[in-house]
There are 2 protein chains.
Amino acid sequence: MAKPVPTITTIAEAAGVSIASVSRVFNGQPVRDSTRRRVLAEAERLGYVPNAVARSLKSNRTDQVAFAVEDIGNPVYLAMLREIQPVLRADGFRLVVHSTGGDPGEEIEVLRGLGRRHADGLVISPIRVTPDLLGALAQAAAPVVVIGSVPPGTPVDNVRADSRTGVRLALRHLLDIGRRRIGFVNGPLDTVPGERRDAAFRDGMAEAGRPVDEGLVHVGGFRRETGAEGARRLLAHPHGPPDALLCANDLIALGALDTLRAAGLRVPDDVAVVGMDDTELAAVSWPTLTSVCLGSAERGRRAAGLLLDRLRGAPPAAPAAGSARTVTVAPRLVVRASTTGGDQ
Amino acid sequence: MAKPVPTITTIAEAAGVSIASVSRVFNGQPVRDSTRRRVLAEAERLGYVPNAVARSLKSNRTDQVAFAVEDIGNPVYLAMLREIQPVLRADGFRLVVHSTGGDPGEEIEVLRGLGRRHADGLVISPIRVTPDLLGALAQAAAPVVVIGSVPPGTPVDNVRADSRTGVRLALRHLLDIGRRRIGFVNGPLDTVPGERRDAAFRDGMAEAGRPVDEGLVHVGGFRRETGAEGARRLLAHPHGPPDALLCANDLIALGALDTLRAAGLRVPDDVAVVGMDDTELAAVSWPTLTSVCLGSAERGRRAAGLLLDRLRGAPPAAPAAGSARTVTVAPRLVVRASTTGGDQ
DNA sequence: ATGAGAACTGTAAACGTTTACAGTGGGGGG
DNA sequence: CCCCCCACTGTAAACGTTTACAGTTCTCAT
């Protein structure tokens, strides 16, 4: 009852040709028509399927690309995944997904995996950029594209959002609709996005000539509870609640909406709320959420494109010194009811 | 400037031992301590990393598992993915994700991939079960677990939801809160979930002794627009709008909420709304959405478990005739504001 | 019919491992 | 002091392909 899996040799014998001919048939190389037919017939009859592993061993390609993020459930990373997958697939690559939980150790492990030849390339969006990670990036055994920011000089292609402009867009919008006391609820400052958004908020306020009231700044996680909790704290401000809330992502904004609603404050009449990332949640919440679109989908698409360039180009996998490319995706403010209250 | 990637042979020469010893060092087999140290030192120095492809060729394992769904962006599948990944990872498997767009051809292609040895196993959630697909399932070259229903006798482990009970829970709840004219907005009838939910709705109504008014049944896609459009049609019913709406998934329900709000109807006072799948959207919408949890997360977890059983067990990969296991996950009604209006 | 050349085919080596089997050497019991 | 056994190590074959090279068979012009 042992059913031996047929190999190229099995087929060669059955068809009375050499293994080279069988190989050629399956690689579309020139073969006499009668030979091809015989081989295909036997392959069909015996249920032969070429072994991709053996092929990889010779060709040194796996036709796989890895995608590593903190949590694939995060709508931002999901949006990237949805764009990356079809682009790679069109070029015949399969996608291996790694949810690292944000652990730099695991991220480095994934980078190592490139050396093991698990994948031909990697798109990674590290949430914390440690020196170890940078070291591993520099020595990666296959092309890597980073979604996010890396220090200048890092020899790696990268696609970044422009938080600074994004925050500025949001602040300008809030000022435009007449808000003056603007609160800010952010995620952890030791993450790249957290740190960026903090700096951008302060710069943006300075640009607008508004002092930052530390009593109106709250820092927590990029989670809904942080929004709820931050809003509670800001509402208790001695000078009364702020008239606008800038939240470092949509989840935080949703949490803030919960608190505001519970406190009986009207959005946007009493407090305008702006989120960031423009995830699908923004369109679903009530009121619908004005949000800064940082272009996750586009970042995913661009990253996949950059990676494919390297993958298609001959071996010079790692960017030759100085040839690392940086793409910056422009942010866009998507105005909804939580700041204008009109249409819903 | 060619930097030859070191192989087991390179290390063997550098350390003055045989390749067998190097191999043993990296596989934790008994080796004299001094040997081990020398090998590890050279490996470190030369940056040797074992080649997983070559290893796979010998061992006939890839340490990869594939997960194939229609659209990985769908919250239901995403919930599965989030559970599957850590379970498999704990056993050392990487996850290859396939978004098939619901094309049976692509699904069959993924099944074929098992024969090519792309992966050691597969979790698949086909949205349409065609005869071809069943054939491919029966002949899969590696263990497969189906999330969803397959005809009895199909030699494949599967994990299914219990739509019937789920719908019954929803109907009973709606009846309990005094609703009598219950509308139903469903997805395509030629998909497994669509067909199941339709049957369940009709059975459930029959059980409750309520006739089904076809004017209160709408069929479209599993999309938000279908909900909006279905609600519009049902509102125009000659006897007036229904007092409750059962929607075949949360997206449909959200669309319905949009329409109801636009029409000035109050939810749940005028119309109660129930969704299905209990995705994160349900908790975010306004009013928050009562939804039938069909246990996607648990289905994912169970599926991963079943697959691991097969993967760990010796070669009898395919279930021996009749040993296919079926797990049914119990549904649960999550009551929120869209039917009780209380807490929000 | 013959030869040149094209078109195809076969042989064998290589890809980087794992592992059965056959050494090799040293330590301890007799 | 010898021998046996054990622990370790080395040799070589195998995994299933691709491909350089050499060999074979055609085709066609002469």
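We name chains A, B, ... by the order of the sequence lines, and we start the count at 1 in each one. What you see below is based on every heavy atom in this structure, not just the backbone, and it leaves out hydrogens, waters and symmetry mates.
- Side-chain atoms of Arg325(B) come within 3.5 Å of backbone N or O of Leu306(B) as a donor-acceptor pair.
- Across the interface with DNA chain D, nearest-nucleotide mapping of Leu57(B) and Val31(B) shows Val31(B) to be the residue nearer the 5′ end.
- One N or O on the side chain of Asp103(A) and one on the backbone of Gly105(A) form a donor-acceptor pair closer than 3.5 Å.
- Look at CD on Glu13(A): it is 13 Å from P on dG10(C), rounded to the nearest Å.
- Between the CD atom of Gln29(B) and the C1' atom of dG10(D) there is a distance of 14 Å, given to the nearest Å.
- Within 4.0 Å (heavy atoms only), Tyr48(A) reaches sugar-phosphate atoms of the nucleic acid but no base atom.
- Counting non-hydrogen atoms under 4.0 angstrom, Ser59(A) reaches nothing in the nucleic acid.
- Across all strands, Ser23(A) comes closer than 4.0 Å to base atoms (heavy-atom distances).
- Nucleic acid contact class of Asn60(B) (heavy atoms, under 4.0 Å, all strands): none.
- Within the structure, side chain to side chain donor-acceptor pair (under 3.5 Å) contacts touching residues 76-89 of chain A (residues at least two apart or in different chains) are Arg82(A)-Asp71(B), Glu83(A)-Arg301(A), Arg89(A)-Glu106(B).
- Backbone-only contact: Thr35(A) has heavy atoms under 4.0 Å from sugar-phosphate atoms and none from a base.
- Atom-to-atom, CD1 of Ile11(B) to P of dG16(C) comes out at 12 Å; the value is rounded to the nearest Å.
- The neighbour count for Arg302(B) CZ, taken as heavy atoms of other residues, nucleotides or ligands under 6.0 Å away, does not exceed 12.
- With rounding to whole Å, Lys58(A) atom NZ is found 11 Å from dA12(C) atom C1'.
- Taking only side-chain nitrogens and oxygens, Ser21(A) never comes nearer than 4.0 Å to OP1 or OP2 of dC8(C).
- Close to dC8(D), at under 4.0 Å from its OP1 or OP2, lies no side-chain N or O of Arg32(B).
- Side-chain N/O atoms of Arg117(A) and base N/O atoms of dG16(C) include no donor-acceptor pair closer than 3.5 Å.
- Residue side chain Arg24(A) reaches the base of dG10(C) through a donor-acceptor N/O pair under 3.5 Å, judged by distance alone.
- Atom CD1 of Ile8(A) and atom C1' of dT18(D) are 8 Å apart (whole Å).
- A donor-acceptor contact under 3.5 angstrom links the side chains of Ser23(B) and Asn27(B), judged on distance only.
- Atom C1' of nucleotide dA14(C) and atom CD1 of Ile19(A) are separated by 12 Å, given to the nearest angstrom.
- At whole-Å resolution of the value, CG in Asp33(A) and P in dT9(C) are 10 Å apart.
- Checking the phosphate oxygens (OP1, OP2) of dC15(D), no side-chain nitrogen or oxygen of Asn51(A) falls inside 4.0 Å.
- Listed by first and then second residue, the salt bridge (charged side-chain N to carboxylate O under 4.0 Å, His left out) pairs involving residues 14-27 of chain B amount to none (not counting sequence neighbours).
- With the end axes of the helix from dA1(C)-dT30(D) to dG30(C)-dC1(D) each set by five pairs, the angle from one to the other reads 50° at 10° resolution.
- Looking at heavy-atom distances under 4.0 Å, Val53(A) makes no contact with the nucleic acid at all.
- Look at Ser18(A) and you won't find any side-chain N or O under 4.0 angstrom from OP1 or OP2 of dT9(C).
- Backbone-only contact: Val49(B) has heavy atoms under 4.0 Å from sugar-phosphate atoms and none from a base.
- Rounded to an integer number of Å, the gap from CZ of Arg55(A) to P of dT17(D) is 8 Å.
- The main-chain N or O of Val96(A) is never found under 3.5 Å from a side-chain atom of Arg94(A) such that the two would form a donor-acceptor pair.
- Ile8(B) is not listed as a side-chain neighbour of Phe26(B), based on a closest heavy-atom distance of 4.5 Å or more.
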